[in-house]
Amino acid sequence: MTGLIDSHAHINDPAFANDLQAVLTRLQEAGVKAVINVGYDIASSRRAVEQAHGWSFIYAAVAVHPHDAVTFDAEAEAVIGGLARDGRVVAIGETGLDYYRNLSPRQRQQEVFRWHLELARSLRLPVIIHDRDAHGDTLRILKKAGPLPAGGVLHCFSGSWEMARECLEMGFYISLAGPVTFKNATRLREIAVRVPLEQLLIETDCPYLTPEPYRGRRNEPAYVGLVAAAIAAARGLAPEAVGEATAANARRLFGI
């Protein structure tokens, strides 16, 4: 496959500090044409912007992850708000709710999530949403926020089809990652079949969630084609069809 886009990666993560150039070479050899490099705290957001200025096929997203919502203060608002205005930033994220690990109080997660949504609204940028074991509150906050000018994506989607349908109706994209390749991911593959192809994205979420057959190793953007292939198999399509459609969707959402 050629022309793939990894719509959610963390090549700004320290896991890539020692061999970043080799990782970038491999993704290009694998046919990946663009990577959305997603920040999750102030340091990673800054690195995402720096790397986006260093390589033309890397684009940045900036935000503070719900894990770190408890530390989000006026200084963080100023830094993220400033970074978001950089010309290489194409989205606000990742932001949202994580009730699985509960590393920040839920009320504070919700407040910081709403702040990021308003930043996305004011800058007319799409939002990249993290939702883990917080489906009800995520939907409630999105519905209350109302339509966002540039929309957004539920990344590494883990909810039900009912939730996916509500998000699709609000105009959001659904992004699937390595878990769709896992043998026991029957429900996720059912969602992969039911989401309209024009609202589907693919991602690695690297260095996490490595797809089969590399599960257990560090993930990287070169593996995003395996996600496309798994979705294609579930839908009865050629892998190239899924790769081309999801790349077009990513370009449309992120304006790249």
Side-chain angles (χ1 to χ4, degrees), residues 1-65 67-68 83 86-94 126 128 130 153 155-157 175-182 200-232 239-240 242-244 246-251 253-256:
M1 282 181 282
T2 60
L4 296 166
I5 293 181
D6 185 350
S7 70
H8 192 111
H10 301 292
I11 53 176
N12 49 1
D13 191 275
F16 297 108
N18 295 328
D19 65 342
L20 179 60
Q21 187 55 58
V23 169
L24 299 182
T25 297
R26 285 194 293 272
L27 75 85
Q28 290 180 303
E29 292 173 346
V32 178
K33 296 301 184 184
V35 175
I36 309 301
N37 193 20
V38 182
Y40 48 87
D41 58 17
I42 289 176
S44 64
S45 292
R46 282 177 169 147
R47 281 196 300 274
V49 174
E50 290 169 1
Q51 290 170 334
H53 280 280
W55 290 274
S56 62
F57 56 88
I58 297 175
Y59 300 86
V62 298
V64 172
H65 192 283
H67 286 338
D68 294 316
L83 289 172
D86 188 282
R88 296 293 292 170
V89 171
V90 298
I92 303 300
E94 61 187 280
I128 299 171
H130 173 102
V153 55
H155 108 88
C156 193
F157 188 78
S175 183
L176 299 177
V180 76
T181 71
F182 299 168
L200 186 65
L201 298 180
I202 56 174
E203 62 174 274
T204 58
D205 198 20
C206 65
Y208 315 106
L209 301 175
T210 311
E212 297 287 0
Y214 301 111
R215 193 174 181 183
R217 306 184 196 178
R218 182 192 67 179
N219 200 3
E220 58 181 78
Y223 298 154
V224 74
L226 296 169
V227 179
I231 295 170
E240 292 80 6
V242 172
E244 291 170 4
T246 55
N249 295 341
R251 293 189 184 281
L253 176 62
F254 298 114
I256 61 175

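Note that the numbering runs from 1 along the sequence shown for the chain.
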Exercise for the section: Any chance you could lay out the side-chain contact (heavy atoms from CB on, under 4.5 Å) test for E29 and T25, step after step, and finish with the verdict? Expected result: CA-CA 6 Å; E29 292 173 346; T25 297; 3.6 Å; yes

Min side-chain heavy-atom separation [X]-[Y] under 4.5 Å:
X    : Y    : answer
L4   : M1   : yes
N12  : Y40  : yes
I202 : S7   : no
V38  : Y59  : no
F57  : L27  : yes
R47  : F16  : no
V23  : P221 : yes
F254 : P126 : yes

Exercise for the section: Test Y214 against T181 for side-chain contact (heavy atoms from CB on, under 4.5 Å), laying out the working first. Expected result: CA-CA 10 Å; Y214 301 111; T181 71; over 6 Å; no

Problem - NZ/NE/NH1/NH2 to OD/OE distance under 4.0 Å, K33 and D6 - result: no

Handout entry: Residues H53, D86; criterion side-chain contact (heavy atoms from CB on, under 4.5 Å); working and verdict
Key = CA-CA 10 Å; H53 280 280; D86 188 282; 2.9 Å; yes

Reported [atom1]-to-[atom2] distance for the pair [X] and [Y], which is rounded to 0.5 angstrom:
X    : Y    : atom1 : atom2 : answer
L201 : I5   : CG    : CD1   : 9.0 Å
D19  : L24  : CG    : CG    : 9.5 Å
T210 : R218 : OG1   : CZ    : 9.5 Å
L226 : T204 : CG    : OG1   : 10.5 Å
I36  : E94  : CD1   : CD    : 13.5 Å
L209 : L176 : CG    : CG    : 11.5 Å

Quick one about [Y] and [X] (side-chain donor to acceptor, distance below 3.5 Å, no hydrogens or angles considered), yes or no?
X    : Y    : value
S175 : E203 : yes
N249 : T246 : no
N37  : H10  : no

Exercise for the section: Check the angle between the aromatic planes of H65 and H67 and answer parallel, tilted or perpendicular using the 30° and 60° thresholds. Expected result: tilted

Practice task
Provide the closest heavy-atom pair for G39 versus S45 in the form atom of the first, atom of the second, distance.
Solution key: CA-OG, 3.6 Å

Fill in the blank from the handout: Scanning both residues in full, the closest heavy-atom pair of A177 with C156 reads CB-SG, 4.0 Å

Practice task
Would you confirm whether R88, through its side chain, and V49, through its main-chain N or O, come within 3.5 Å as a donor-acceptor pair?
Solution key: no

Exercise for the section: Report the residue from S44, C206, P207 that forms a side-chain contact (heavy atoms from CB on, under 4.5 Å) with D13. Expected result: P207

